[in-house]
Every structure is written in C-alpha cells, then in structure tokens.
Amino acid sequence: MSVFQVLGNVLWIIFGGLISAVGWFLAGLICCISIIGIPVGRQCFKFAKMVLCPFGKKIYYGNMGSGSVILNVIWVLLCGVELALSSVVMGITCCLTIVGIPFGLQHFKFAMLALTPFGAEIRKV
C-alpha cells in the first residue's frame with residue numbers, strides 16, 4: 001500500500017468512512033436476526049470491513065447468477081436503499097469542496113455497492 005493510500009484511508013475514516021462502516025455493520029446485525037438472513041448479514045460484515053479502508057481496493061461486478069439476483073432483490077427491499085441513499089448524501093456533501101471530491105467518489109462507489117452487493121468482488125489495486 002502506498003503512502004497516499006494510507007493517508008487517504010486515515011482521512012476517510014475521519015470524514016465519514018467510520019459512519020458508513022457502522023451502517024453496514026448495523027445492517028448485518030439486522031439481517032442476522034433470522035436464519036435466512038445470515039448469508040446477507042455475512043456479506044454486510046465483509047463490506048463493513050472494506051468500507052473502513054477503501055483506498056487501494058476496487059469493486060468488480062459480475063458473477064450475477066440467479067441466486068445473486070434473488071439475493072440482491074431481497075437485499076434492496078431490506079436495507080439496500082437506505083444505505084445507498086446515505087452514501088449518496090455523504091458523497092454529495094464531500095463533493096462540495098475540492099479536497100473532498102476523492103472521498104465523495106468513494107461514497108458514490110459504495111452507493112452502487114449498496115444496491116447490488118451480491119455478485120460483487122473486492123480486489124486490491
């Protein structure tokens with residue numbers, strides 16, 4: 001990891017990344033209430049960990065089998081819309097300043113992820 005990625009991740013946590021990670025974590029806890037929701041909750045925990053340090057990671061979408069599509073529909077109905085809207089609001093807020101634009105772009109990336117988490121793969125850049 002480069003110095004810029006480490007600095008970006010530290011600033012990210014300070015300027016909204018921690019709030020996003022907590023949102024993903026709470027969504028995971030809510031989904032794990034029922035046995036059926038445990039796979040969805042595990043996905044939330046994985047993304048909560050990734051949201052803490054997004055710089056140096058990229059999200060690839062693919063592997064959209066019928067199971068992923070069904071889980072994405074259930075996900076959007078349970079809590080995907082709320083997480084996507086919160087990411088969009090934080091992204092717009094960050095983009096109001098020139099310094100905040102990289103952080104706003106990360107929030108927009110997570111808004112897309114909040115709508116279709118199943119079939120998404122996280123890779124290091």
Side-chain angles (χ1 to χ4, degrees):
M1 217 182 236
S2 73
V3 175
F4 295 112
Q5 290 173 345
V6 171
L7 181 61
N9 285 329
V10 169
L11 292 174
W12 168 259
I13 290 171
I14 294 169
F15 294 115
L18 184 62
I19 295 170
S20 294
V22 168
W24 280 98
F25 183 77
L26 290 175
L29 287 177
I30 291 169
C31 291
C32 284
I33 291 173
S34 70
I35 293 173
I36 296 171
I38 290 175
V40 178
R42 290 184 66 217
Q43 192 80 346
C44 292
F45 296 141
K46 180 174 80 173
F47 289 133
K49 181 180 171 186
M50 198 255 326
V51 168
L52 277 176
C53 297
F55 291 96
K57 297 176 185 166
K58 189 167 179 169
I59 302 170
Y60 292 93
Y61 295 95
N63 303 329
M64 292 295 285
S66 60
S68 294
V69 172
I70 292 169
L71 285 172
N72 279 330
V73 169
I74 293 169
W75 167 256
V76 167
L77 294 176
L78 289 176
C79 49
V81 174
E82 293 85 0
L83 287 169
L85 286 176
S86 67
S87 290
V88 167
V89 168
M90 286 190 278
I92 290 171
T93 304
C94 287
C95 285
L96 292 176
T97 64
I98 293 173
V99 175
I101 290 174
F103 303 111
L105 295 176
Q106 292 295 327
H107 281 296
F108 295 140
K109 178 171 70 171
F110 295 129
M112 176 63 181
L113 181 65
L115 294 176
T116 57
F118 293 96
E121 183 180 344
I122 302 165
R123 297 183 195 160
K124 292 184 181 184
V125 178

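For the single chain, residues carry numbers from 1 onward in sequence order.
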Would one find more than 12 heavy atoms of other residues, nucleotides or ligands at under 6.0 Å from atom [atom1] of [X]?
X: Ile36; atom1: CD1; answer: no
X: Ile98; atom1: CD1; answer: no
X: Phe25; atom1: CZ; answer: no
X: Leu77; atom1: CG; answer: yes
X: Leu26; atom1: CG; answer: yes

Could you check whether any side-chain heavy atom of [X] comes within less than 4.5 Å of a side-chain heavy atom of [Y], counting everything from C-beta outward?
X: Ile59; Y: Met112; value: no
X: Asn72; Y: Pro117; value: yes
X: Val69; Y: Phe118; value: no
X: Phe55; Y: Leu11; value: no
X: Cys31; Y: Ile38; value: no

If you group Ile, Leu, Val, Met, Phe, Trp and Tyr by side-chain heavy-atom gaps below 4.5 Å, do [X] and [Y] land in one group?
X: Leu85; Y: Phe47; value: yes
X: Ile30; Y: Val81; value: no
X: Ile101; Y: Ile92; value: yes

What's the shortest heavy-atom distance between [X] and [Y], and which atoms?
X: Phe103; Y: Gly8; value: CE2-O, 3.6 Å
X: Lys109; Y: Lys57; value: NZ-O, 3.2 Å
X: Tyr61; Y: Thr116; value: CE2-OG1, 3.5 Å
X: Gly41; Y: Cys32; value: CA-SG, 3.8 Å
X: Leu18; Y: Leu52; value: CD1-CD2, 4.1 Å

| said: For Val51, is there any backbone N or O sitting under 3.5 Å from a side-chain donor or acceptor partner on Trp12? | reply: yes
| query | Does Trp75 use its side chain to pair, donor to acceptor, with the backbone of Ala114 at less than 3.5 Å? | reply | yes
| query | Can you check side chain to side chain contact (heavy atoms under 4.5 Å, CB included) on His107 and Thr93, steps first, answer last? | reply | CA-CA 10 Å; His107 281 296; Thr93 304; over 6 Å; no
| field | Spacing of Gln106 atom CD and Met90 atom CE [to the nearest 0.5 Å] | value | 12.5 Å
| message | To the nearest 0.5 Å, what is the distance between SG on Cys95 and CG on Leu105? | response | 5.5 Å
| Audit row: Leu113, Trp24, side chain to side chain contact (heavy atoms under 4.5 Å, CB included) steps and yes/no | CA-CA 11 Å; Leu113 181 65; Trp24 280 98; 4.3 Å; yes
| request: Decide yes or no on side chain to side chain contact (heavy atoms under 4.5 Å, CB included) for Gln43 and Leu71, but give the supporting numbers first. | output: CA-CA 11 Å; Gln43 192 80 346; Leu71 285 172; over 6 Å; no
